[in-house]
Each structure stands twice: as C-alpha cells, then as structure tokens.
Protein chains: 4
Amino acid sequence: MRVNLEARAAAAENRKAQTRERLLDAAVAVIGEKGPDAASIEDFVAAANVSRGTFYNYFPTTEDLLRAVRRKLIDALTIVLDAHLPSSIPAAERLATRLHSHYALVSSDPAWGWVVMRLEATRLGRTNAMEVSLDRMYQEGVATGVFRDLDPVAVRSVIFGTSRMVQRDILMGLAPPGHQERVVAILLTTFGLPPQEAERISAESARRAAEIQAKSRQRAA
Amino acid sequence: MRVNLEARAAAAENRKAQTRERLLDAAVAVIGEKGPDAASIEDFVAAANVSRGTFYNYFPTTEDLLRAVRRKLIDALTIVLDAHLPSSIPAAERLATRLHSHYALVSSDPAWGWVVMRLEATRLGRTNAMEVSLDRMYQEGVATGVFRDLDPVAVRSVIFGTSRMVQRDILMGLAPPGHQERVVAILLTTFGLPPQEAERISAESARRAAEIQAKSRQRAA
Amino acid sequence: MRVNLEARAAAAENRKAQTRERLLDAAVAVIGEKGPDAASIEDFVAAANVSRGTFYNYFPTTEDLLRAVRRKLIDALTIVLDAHLPSSIPAAERLATRLHSHYALVSSDPAWGWVVMRLEATRLGRTNAMEVSLDRMYQEGVATGVFRDLDPVAVRSVIFGTSRMVQRDILMGLAPPGHQERVVAILLTTFGLPPQEAERISAESARRAAEIQAKSRQRAA
Amino acid sequence: MRVNLEARAAAAENRKAQTRERLLDAAVAVIGEKGPDAASIEDFVAAANVSRGTFYNYFPTTEDLLRAVRRKLIDALTIVLDAHLPSSIPAAERLATRLHSHYALVSSDPAWGWVVMRLEATRLGRTNAMEVSLDRMYQEGVATGVFRDLDPVAVRSVIFGTSRMVQRDILMGLAPPGHQERVVAILLTTFGLPPQEAERISAESARRAAEIQAKSRQRAA
DNA sequence: TATGAATGAGAGTTCATTCAT
DNA sequence: CATGAATGAACTCTCATTCAT
C-alpha cells in the first residue's frame, strides 16, 4: 500500500514536471514568433495543449512564466559551455569561444535568439550572471598580459552592445558570411591583441564553438 | 472678405498644428515611460488632454503616430548636428562628436533617449539615415589614413551596438562618470588610433558636443 | 473516474447548449424589436443576461449569430410542416396550407415574423429551401392539371412577393380579418383554379394549418 | 441699392437650393451603394463636397434627409407618369403601364431602385400616395367591368408584394428576359382578364412605358 | 451661412483571471 | 490537479453632433 502511494506520488510529480516543461517549451516557441508583448496566455496554453486553468496552477502571473522562460534559455547556453569550456584555455580564446557559442546557438536556434533578445527588452530586471562571467574572463586576460587594462564597465558596454547587435543581425538575416568572425576579431584587437592574432583566435574559437555545440547535441540525443 | 477667409484658414492651420504638437509631445512622454507596446491610445489622449476622437483626426493608426514621433525625435538630433558640425573637422573628431552629441542629448533629455531606444525595437523599419551618415564618416577616416580599413558591416555592428548599450546605461543610471568618454576612446582605438590620441579626441569631442548643445539651446530660447 | 469525467463533460456540454440557446432566444427578441442592423452586441448580451465576453465564446462575428438565428427560425417552421403535411394531400391544398401555416406562425409569434422578414433583407444570402419546396408544389399542381402552366420564375415572384407583403401587413396590424384567406384564394385563382373552389380550399387550408399548429404545440408542451 | 440687395438675396436663395440639391443627389448615390444604415453623414458630405457643418444647416436630423430623399425619388417617378399617362386610357392598360414604368425606371437607374427599396424597410412611415393611386385604377377597372370585384386590401397586397419582388429581382440581376412582361400578364389574369388579352396588354404597356421614359428624358435634356 | 476641428458616447473586440465541476 | 465556460475591464475605432471662427 505504501509503495503504491509513493509510486503514485512520484508519477504525479513526474507528470507535473512534464506539464511545466510543455508550457515552457510552448512559451519559447510562441514568444519567439510573436514577441513577449503580443503573446497571450491563450497562445501559450494552445501551444502547450493544456487548459487555461492549468496554466495558473504553474505560473501565478505572466511574469513568473517569463522569468522561468528566461532561466531555461540561459541554462541552455550555460550548460553547453560549462560542460565543454575548460578553464585551462587562455582568456582570449575563452572569451572568443564564449561569444561564438552564443552566435552559434542563435544561428542554429533562432527561436532561442529571438526570445533572449526580446526578453532583454522587457520590464524583468536583467540577469547579471553573464556579465560577471565575462568580466572575470576579461580580468584574467588583463592579469596574463594579453588584454589592455581598460575600464571594466566600458569594456562591458562594448562587448554586450556589440554582441546584441550581431545577434540581431543574425536573426534578421542581415549578417553576411563571416560577420561573426570579423566582429570578434575586431573586439580582440580592441582589447589589445595584434590584428593577425586576433583573426586567428577568432577563427579558431568559432571552430571550437561549433565542436562544442555538436558534442552537446550528441549528448542530448 | 478674402482676407478674412485667409486669416481664418491660417488660424485654423495654426490650431491644428498645435494640437498635433500636443499629441506628439504627449506621445513622447508616454512612450518614454511605458514603452511603445504598453502605451494605449487612451494614454496618449489623456496626456495630451484631447478627446479620443481627436486622436484619430490626426493619426489614423497608432503606427502613424509612432512614425511621426520618431521623425520628430530624429529631427531633434539632426538639426542640432547639421547646424554645428562642419565637415571641415577631421573624421575621427566628427565621429566622436557625433556620438557624444547623441549621449549628451540622452543625458539632458531622457525621454528622448527612451523613446528613440524603444522605437528602434519596434515593428517600424529602422531609419537608416544614421547608418549612412556614420558609414560615410568612417570611410572618410579610412581615406585619410586615420582609421584602419575594416569591414564596414562589422564596424557598424560595433558602433551601433556599443552606442545603444551606452545609451541604455545612461538611461538606467548605470553609467559611471566619464563612461561615455572612455567608451568613445576605446572605439577610436578599435578603429586604429593610438590610445593617447583617442582619449584626447574623445574628451575634446565631448566638450565640443556640449558646446553645440548649449548653442542650439540658446537659439531655441 | 471515467464515469465522472464523462458525466462532467456531458454536464458542461449541456450548460454550453443552454447558454447558446439563451443567446439565440435573446437575439430573436432583440432583432424582432430593433432589426438586425440596429441591434448591437450589447443588446444581445443584455437580453441574454450574459457577459460581453461570453458572446464571443459562441459567435465569433455578429453574422454568425444572425445565421444561427435564421437557421433556428426556419427550422421552427420546417419541423412543424414536415411532420404534419403529408404529400398525399393534393398540390393546391398543400400549397395553400403551407402559406397559411406561415401566416399562422407570424400571427402567433410576431417576433418570429419580424426576424424572418428582417433577416431576408440582410447581407446574408437567402436560404432557397423554401423556394425549392414551393416550386415543387407548383410543378406538381401543373402535372396534375390543377394549375396553369406558367413560367416558374414569374410564379415565384408572385407567391413570395405577395406572401412577404401579407406577412408585413399582419405584423403591422394592417391585415383586416380574413385577409390571409382572401389573398390565398386570389393566388389560387391566379394559378388557374375557379374562384369558388379557390375560396373553399383557402378556407379549408387555413383550418388545417391551425390544426397543425395546435398539434405541434401540444407536442412541444 | 435695393435692386442689389434683392439680386443678392435671390442669388443666395439659388445657392441654397443648389447646395440642398447637391446633398440630395449625393445621398441618393451613397444610399444606393451602401444602404441607408451603413451610410454615414461623412459619406454624404464627402459626396456632396460640402462641409460637415453645412449638412446640419439643411437637415437637422438624418431622418429629415431620408424623408427628403424619398420625396425626391417618388417625385421622379410621378413626374414621368403624370406628364404622359392620360386618364383616357382604359384602367387595365393604365395599371399595367404604371407597373412597367416603375420597372423601367428601376432598370435604367438602379440607384433609384435600390434607394426606394431600402428606404421602404426603414423606420420612416410609408408614403401611401402610390397605394391610393393604384387603388383608384383598380376600382376604375372594376367599374368598367374589366377587373373582377376583389377585396381592395387583398389586391393591394398582391400588386405591391409582387412588384417589390420583381424590383428586387431586377436589381439583383435575377430577372430573366421578359420577366416583367410575364409577371404583369399574370397579375392581369388574376384581376380577371383572359390570358391572351393580359399578355397583349402587358406587352403593349411595356412598350408605352418605354416611350414615356424616352420622352421624359428628351425633355430633361 | 459655411467651415471643419473637437468632442464623447457607444459599438466591437480581446484577454487575463476566476471558479464551479 | 485539470478543465474550460464565464467574466468584465480595458482597448480600439466610428460617427453624429457641437461650436468657435
């Protein structure tokens, strides 16, 4: 009897998680297409194939859903990177790989890209996990003498601003072939690397990012 | 009789223009606060203190209003610059001044900054007047040997992306003192100027931008 | 568990049908009073005592409602007749009974009459079920030699036009006693019957139509 | 000086009448196209090329306009007939000609036809000038022994109902060639004429109606 | 009188949220 | 927990009518 109850509880737990997952996936798809402002709860529940009422069992407010979506998406990137970007790699290469991984994910999963971009523009405050991580990489580069010692806040504006613009270009189909490589190379020269080396590292990192993505996909399958 | 009619028509024309201006000003205020997606026509007419119906006498659709607002705002910047940024100034200085003027306007008129930023993210296609103008300045710099010969599309991503981020930082109060100067200096080094000269030009251009703004204000008053 | 779910679904289905019926009944009342053009959704929901939003759960557009109303009303007549007008009755008698049944329903249920009349004049294409049915009766009469062999289209204009006018007279209280009997008799002579017989058949058919209506009412009760 | 004043007053009077006429013509055109319910004052003034305010100087309420329009249209028919349908013609011929004139006008000026039909369905009470006139013709026919002595109210239902239906058929393009002739012939047999003679009179009257219309057009030109 | 900008009541429509089942 | 019918506030848009010029 007890076993039965426990099993049932576990099954219920499982179903719950599944429904939640379905709602999140649906939300990503819907937001990617219509944007977070135009998307209605009706759209979410229709795409997730659950009832209106069920939605509220999982997300008391729309904002809760958006936060959860954002978390899910950021995790998607972080997992890819954390698993495959050892800290033994030098700072410049790591920073470049980090950026290329982002662009690669945007290219291969535009829905992901749109949602991340659109959620940034919303009332939800920003997550700074990414800022912190990039800041650290830059400081490492300064410490090892490959990066110039620039003001961290200014650097952040340059990296994030440029990256968001590149992301937008990719999503809108405005990025010519090789755009990402060139932009990352420019950023590396900005940080102090000689042009030639910057280009080499950018190209190399693009390749590494592609490999990481491929591996992480194998794993998922 | 004829004079009378003409005078009447002129007066009517005048009143019309005033109402339109009231609506545009109100729209700037409202959009700056709530964003173009959350703003309702109700908000606009309440802020402009006109009736619902009047709105439609001027703007058949909300999009028409947004376009008019954007035009008005871009004109605000362009007029300032066109009047006071002679093409005799070398490319690096002009580019830097252009950016600093933009930041100065954002700082002194945050509503302007918010609206410009938020309108960029909307369905309205973007105006490329600014792109073209900056592209030209960069090419001039390349021609005169002060800028490296980089891919124009990549350069554009860096300039616009970084600028938008700086604008956001200013608007959110996240820009520390001197932020703009440092970022512009970094951009100039990216384009090939030696760090010291880049910093000098950035600081100088910031000063020039402030002067231009002051002059244009005097004029308005 | 399953029984429970099924019962629940059935109950829900039932409630839905009730609401729909409430809306349709309300629509008949409202349209009968104001006409389909002047009637607003507000009127419908107020008369049905449901909320604005509920309306749209049932009828995406006003036209959908009008179509449903028309269907409901036409069914009301057709059901009565189909059940009680055996085809064994000769053509002249059947045609006359058909007309008198229509008039009887208009007299006893003016709302029905108004709505049918007003819906005819609307953008909704007309139902031709009635046309076809009357055409057939007339042709039968021609085949059995009781009716003259007149152009069917012309006959249709006479029957329908006259009937609509009689209906209007009844609804506006302009029909003197015996009006229907006299008009139907005239139509029968038009179609070739001798005056005396036409009058006899018209009177008889009026009686039969009354009986049919009485029976169908008993049944409903 | 006095002459001047008088001349000016006359000119003013003239302009007033012209404006009114312009509004009425515009209303006929607009109502014919959109129907009296869908037509807005905006439509009227735009078509008449006068200002909104002017409209109210001529027609305090929309109903006033509709009444005036109806009057104008009915006059259009009456003028045609009164001028050219001498009372010396026998009753059957006159009645038939009257009907054919109506159909001819509908055919040659559909806007006229639509407006007359649509105005009938409106809240404006009906004009009974036409009823009275047709009643009289029928009674004359009875007195001279060509028509059967039928109930006048019933006759009226048959004539008007059928005529309205024919009008609708013409306007909707549903009337086959010769439809009007056949229907009028049927009506004449209904009233007691032998079929052959009915057909002859109908055909003849159709010709006469066409002539009358042609003459009245010459005159207008 | 003629004008047309301004008005605001009211119609149509959407959608987040509640709640009985 | 899941469901989905019901709700009503909020929004967009139309149009007859007014009124200062």
Side-chain angles (χ1 to χ4, degrees), chain A residues 12-13 15-16 19 38-46 49-63 65, chain B residues 4-5 7-20 22-23 38-45 48-62, chain C residues 1 4-5 7-20 22 38-45 48-62, chain D residues 12 15-16 19 38-46 50-63 65:
Chain A
E13 215 39 51
R15 247 182 304 132
K16 260 184 76 169
T19 304
S40 71
I41 289 184
E42 168 65 28
D43 294 327
F44 296 145
V45 301
N49 212 29
V50 300
S51 76
R52 270 176 151 60
T54 300
F55 179 89
Y56 288 91
N57 288 334
Y58 291 92
F59 304 102
T61 76
T62 307
E63 190 171 320
L65 172 69
Chain B
N4 216 336
L5 277 176
R8 186 194 298 173
E13 216 43 50
N14 200 23
R15 248 183 305 130
K16 254 186 93 163
Q18 273 182 17
T19 305
R20 197 188 140 90
R22 277 234 302 286
L23 272 167
S40 70
I41 289 180
E42 173 63 33
D43 293 327
F44 295 141
V45 301
N49 210 30
V50 300
S51 75
R52 248 177 182 39
T54 299
F55 180 89
Y56 290 94
N57 287 341
Y58 290 89
F59 303 103
T61 74
T62 307
Chain C
M1 207 56 169
N4 216 336
L5 278 176
R8 186 193 298 175
E13 216 41 50
N14 201 23
R15 246 182 309 130
K16 253 185 94 161
Q18 273 183 17
T19 305
R20 196 187 141 91
R22 277 232 304 284
S40 70
I41 289 180
E42 172 64 32
D43 294 327
F44 296 143
V45 302
N49 211 29
V50 300
S51 75
R52 249 174 178 35
T54 298
F55 180 89
Y56 289 94
N57 288 340
Y58 290 89
F59 303 103
T61 75
T62 308
Chain D
R15 248 184 302 131
K16 258 184 79 169
T19 305
S40 71
I41 290 182
E42 169 64 30
D43 294 327
F44 296 143
V45 300
V50 302
S51 76
R52 271 176 153 58
T54 300
F55 179 88
Y56 288 92
N57 287 335
Y58 291 93
F59 304 102
T61 75
T62 308
E63 190 170 320
L65 172 68

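In what follows, chains carry the letters A, B, and so on, assigned in the order in which the sequence lines appear, proteins first and then strands, with residues in each chain numbered from 1.
With DNA chain E read from its 5' end, the first of the two nearest nucleotides for A:Glu42 and C:Asp43 is the one closest to C:Asp43. Closest-nucleotide positions on DNA chain F for B:Ser40 and C:Thr19 were compared, and the one nearer the 5' end corresponds to C:Thr19.
Residue A:Thr54 places at least one side-chain N or O closer than 4.0 Å to OP1 or OP2 of F:dT3. Dashed line: the shortest gap from a side-chain N or O of B:Ser51 to OP1 or OP2 of E:dA6 is not under 4.0 Å. The phosphate of E:dT1 (OP1 or OP2) has no side-chain N or O of D:Asn57 nearer than 4.0 angstrom. Side-chain N/O atoms of C:Tyr58 include one lying less than 4.0 angstrom from OP1 or OP2 on F:dA6.
Contact annotation: the side chain of C:Tyr56 approaches that of C:Ile41 to within less than 4.5 Å [non-hydrogen atoms, C-beta and beyond].
Taking atom CG of B:Asn14 as the reference point, atom P of E:dT3 lies 21 Å away to the nearest angstrom. One can place CZ of B:Arg15 at 7 Å from P of F:dT21, the figure rounded to the nearest angstrom. Distance, B:Phe59 CZ to F:dT12 P: 15 Å, rounded to whole Å. A straight line from CZ of B:Phe55 to P of F:dT14 spans 12 Å, rounded to a whole angstrom. Rounding to whole angstrom units, NZ of residue C:Lys16 and C1' of F:dG4 are separated by 9 Å.
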Sort me out a list of protein N/O and nucleotides 17-20 of chain F N/O pairs below 3.5 Å, or just none if empty.
| residue | atom | partner | partner atom | Å |
| --- | --- | --- | --- | --- |
| F:dT17 | O4 | D:Arg52 | NE | 3.0 |

Step-by-step side chain to side chain contact (heavy atoms under 4.5 Å, CB included) determination, B:Leu23 to B:Phe55
CA-CA 8 Å; B:Leu23 272 167; B:Phe55 180 89; 4.0 Å; yes
Here DNA chain F, pairs taken as Watson-Crick or G-U under 3.5 Å and shown with ( ), [ ] when crossing and | when to another strand, reads .||||||||||||||||||||
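Looking at residues two or more places apart in sequence or on another chain, you find a side-chain hydrogen bond (donor to acceptor under 3.5 Å, both in side chains) between D:Thr54 and D:Ser51. D:Tyr58 is linked by a ring-ring contact (aromatic ring centres under 6.0 Å, His included) to nothing, counting only residues two or more places apart in sequence or in another chain. With sequence neighbours excluded, the residues satisfying salt bridge (charged side-chain N to carboxylate O under 4.0 Å, His left out) with A:Arg52 are A:Glu42.
Checking F:dA6, E:dT3, F:dT7 against every side-chain atom of C:Val50, the shortest atom distance belongs to F:dT7.
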